[in-house]
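Values below: every heavy atom of this structure, side chains too, minus hydrogens, waters and symmetry copies. As the structure is a computational prediction, the values presented were derived from the model and not from experiment.
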Amino acid sequence: MEKTVIYVHGKGGSAAEAQRYRAVFADCRVIGFDYTAQTPWEAEGEFQNYFDALSAGGARVSVIANSIGAFFVMYALHASPIERAYFISPIVDMEKLIGDMMQRAGVSEDELREKREIPAAYGETLSWDYLCAVRAHPIQWTAPTSILYGEKDFLTPCETMSSFARRIGASLTVMKNGEHWFHTPEQLTFLDEWIARESQRCSH
């Protein structure tokens with residue numbers, strides 16, 4: 001039976017990053033998902049349709065996902081038969097992250113409810129609809145999962161990531177002094193070694 005690995009990039013990333021994982025998953029078809037969704041409700045339809053097309057005929061599908069790409073995967077594909085998930089710096093508590101962003105921007109919940117959208121000084125737009133969608137669909141993730149996390153991830157505190165990993169039974173690897181974005185030579189080497197090790201461990 002054909003095995004497929006979908007790579008789902010984070011914000012500012014690209015489907016071309018899938019190339020990094022082809023050597024590790026040499027016995028699989030590795031595909032970068034060039035999605036357009038910007039919100040959870042957009043991801044719900046787009047991700048599900050994409051997964052259904054790839055898994056048609058019984059193909060076994062695993063996922064490698066980065067940052068908000070991992071959040072979209074968990075939001076949209078929680079009921080799909082994913083064989084294995086490899087998450088790199090996943091967003092695992094979007095409600096808390098939005099709350100932190102509101103606090104930094106000095107925006108109250110009442111104000112956001114009234115205005116619906118408020119541009120923040122650091123380039124993000126706070127959205128009432130986004131917050132409501134996240135609250136209405138708490139993450140319920142059951143696929144076998146491995147998580148790579150940087151100790152200095154500025155988006156997700158270590159205790160939040162550790163608690164999430166325990167709750168879903170995921171293996172958690174923490175890179176000392178690692179960041180949310182794995183981009184330095186040292187960080188990328190760590191990432192490569194992690195996914196090679198995890199893919200071997202999970203295949204036995």
Side-chain angles (χ1 to χ4, degrees), residues 3-38 43 47 50-51 54 60-77 82-94 97 100 122-124 139 141 143-166 168-204:
K3 293 190 288 185
T4 298
V5 176
I6 306 170
Y7 172 74
V8 185
H9 64 80
K11 185 175 181 180
S14 91
E17 295 165 12
Q19 179 64 37
R20 175 166 220 99
Y21 306 99
R22 291 200 168 111
V24 172
F25 296 94
D27 61 336
C28 303
R29 182 172 60 145
V30 180
I31 303 172
F33 181 18
D34 191 18
Y35 64 94
T36 61
Q38 298 289 316
F47 279 53
Y50 188 79
F51 178 86
L54 286 179
R60 294 156 54 189
V61 178
S62 294
V63 175
I64 304 168
N66 206 312
S67 189
I68 197 169
F71 168 72
F72 284 158
V73 165
M74 289 187 285
Y75 186 98
L77 299 177
I82 290 172
E83 186 161 277
R84 186 85 202 173
Y86 304 88
F87 290 157
I88 304 156
S89 304
I91 304 297
V92 299
D93 191 342
M94 183 61 82
L97 178 56
D100 292 345
Y122 41 83
E124 299 287 346
I139 290 174
W141 187 248
T145 300
S146 299
I147 297 173
L148 175 61
Y149 171 79
E151 181 188 41
K152 295 186 175 179
D153 190 318
F154 68 101
L155 291 180
T156 305
C158 190
E159 58 269 25
T160 298
M161 190 65 71
S162 297
S163 174
F164 177 79
R166 283 194 303 272
I168 70 166
S171 72
L172 174 63
T173 300
V174 180
M175 180 182 180
K176 187 173 176 60
N177 295 320
E179 301 168 85
H180 181 75
W181 178 36
F182 281 69
H183 65 289
T184 68
E186 181 186 12
Q187 290 166 357
L188 290 173
T189 296
F190 194 99
L191 186 160
D192 291 343
E193 291 173 350
W194 167 78
I195 202 155
R197 185 172 63 250
E198 287 298 306
S199 65
Q200 284 294 319
R201 183 177 69 82
C202 299
S203 66
H204 295 125

**Report entry** Val61: side-chain contact (heavy atoms from CB on, under 4.5 Å) partners, not counting sequence neighbours
**Finding:** Thr4, Ile6, Phe51, Ser55

Query - Glu179: salt bridge (Lys or Arg N to Asp or Glu O under 4.0 Å) partners, not counting sequence neighbours - result: none

Query raised in the report: What are the two closest heavy atoms between Ile139 and Ile91, and how far apart are they?
Result: CD1-O, 4.4 Å

Report task. Kindly give the heavy-atom pair with the smallest separation between Asp153 and Ser89, and that separation in Å. Result -> OD2-CB, 3.9 Å

Query raised in the report: Looking at residues at least two apart in the chain, or sitting in another chain, which of them share a side-chain contact (heavy atoms from CB on, under 4.5 Å) with Ala170?
Result: Thr145, Ile147, Ala165, Ile168

Query - With Val5, the side-chain contact (heavy atoms from CB on, under 4.5 Å) member among Val63, Asp27, Val30 - result: Val30

Query raised in the report: Is it the case that Ser146 and Ser171 place a side-chain donor and acceptor less than 3.5 Å from each other?
Result: yes

Report task. Name all residues meeting the salt bridge (Lys or Arg N to Asp or Glu O under 4.0 Å) criterion together with Glu83; count only those two or more places apart in sequence or in a different chain, and write none if there are none. Result -> Arg60

Query raised in the report: What is the minimum heavy-atom distance between Ile31 and Ala18, and which atoms define it?
Result: C-CB, 4.1 Å

Query - Beyond-backbone contact of Leu148 with Phe182, side-chain heavy atoms, under 4.5 angstrom - result: yes

Report task. Only counting residues at least two apart or in another chain, list the ones meeting side-chain contact (heavy atoms from CB on, under 4.5 Å) with Ser14. Result -> Ala16, Glu17

**Report entry** Donor on one side chain, acceptor on other, Arg22 and Gln19, under 3.5 Å
**Finding:** yes

Requested in this report: Would you check if Met161 and Val174 make a side-chain contact, meaning some heavy-atom pair closer than 4.5 Å?
Outcome: no

Report summary line: Residue set satisfying salt bridge (Lys or Arg N to Asp or Glu O under 4.0 Å) with Lys152, at least two apart, ordered chain then number -> none

Requested in this report: Please state whether the rings of His9 and Tyr35 are parallel, tilted or perpendicular, taking 30° and 60° as the class boundaries.
Outcome: parallel

Query raised in the report: Quick one: are the ring centres of Phe25 and Tyr86 less than 6.0 Å apart?
Result: yes

Query raised in the report: Would you find a donor on one side and an acceptor on the other, under 3.5 Å apart, between the side chain of Ser163 and the backbone of Glu159?
Result: no

**Report entry** Nearest heavy-atom neighbours spanning Cys158 and Tyr149
**Finding:** N-OH, 3.0 Å

Report task. Measure the spacing between CE of Met175 and CD of Glu151 and express it to the nearest 0.5 Å. Result -> 10.0 Å

Report task. State, yes or no, whether a side-chain contact exists between Leu97 and Met94 at a heavy-atom distance under 4.5 Å. Result -> yes

**Report entry** Residues, nucleotides or ligands: over 12 heavy atoms within 6.0 Å of Gln38 CD
**Finding:** no

Query raised in the report: Looking at residues at least two apart in the chain, or sitting in another chain, which of them share a ring-ring contact (aromatic ring centres under 6.0 Å, His included) with Trp141?
Result: Phe87

**Report entry** Heavy-atom pair with the smallest gap, counting every atom of Ala196 and Val24
**Finding:** CA-CG1, 4.0 Å

Report task. Please list, chain by chain and in numerical order, all residues satisfying salt bridge (Lys or Arg N to Asp or Glu O under 4.0 Å) with Asp34, sequence neighbours excluded. Result -> none

Requested in this report: Please name all residues satisfying side-chain hydrogen bond (donor to acceptor under 3.5 Å, both in side chains) with Glu124, sequence neighbours left out, ordered by chain then number.
Outcome: Lys11

Query raised in the report: How would you list, by chain and number, every residue that makes a ring-ring contact (aromatic ring centres under 6.0 Å, His included) with Tyr21, sequence neighbours excluded?
Result: Tyr7

Query raised in the report: Judged by atom type as modelled, is there a donor-acceptor pair below 3.5 Å linking the side chain of Glu198 to the main-chain atoms of Trp194?
Result: no

Requested in this report: Report the residues that fulfil ring-ring contact (aromatic ring centres under 6.0 Å, His included) with Tyr50, sequence neighbours left out, ordered by chain and then residue number.
Outcome: Phe33

Report task. Mind running side-chain contact (heavy atoms from CB on, under 4.5 Å) on Ile64 and Ile88 for me, showing each step along the way? Result -> CA-CA 8 Å; Ile64 304 168; Ile88 304 156; 4.0 Å; yes

Query - side-chain contact (heavy atoms from CB on, under 4.5 Å) against Arg20, all qualifying residues, sequence neighbours excluded - result: Leu188, Leu191, Asp192

Query raised in the report: Any idea which heavy atoms bring Ala43 and Ala76 closest together, and the distance?
Result: O-CB, 3.6 Å

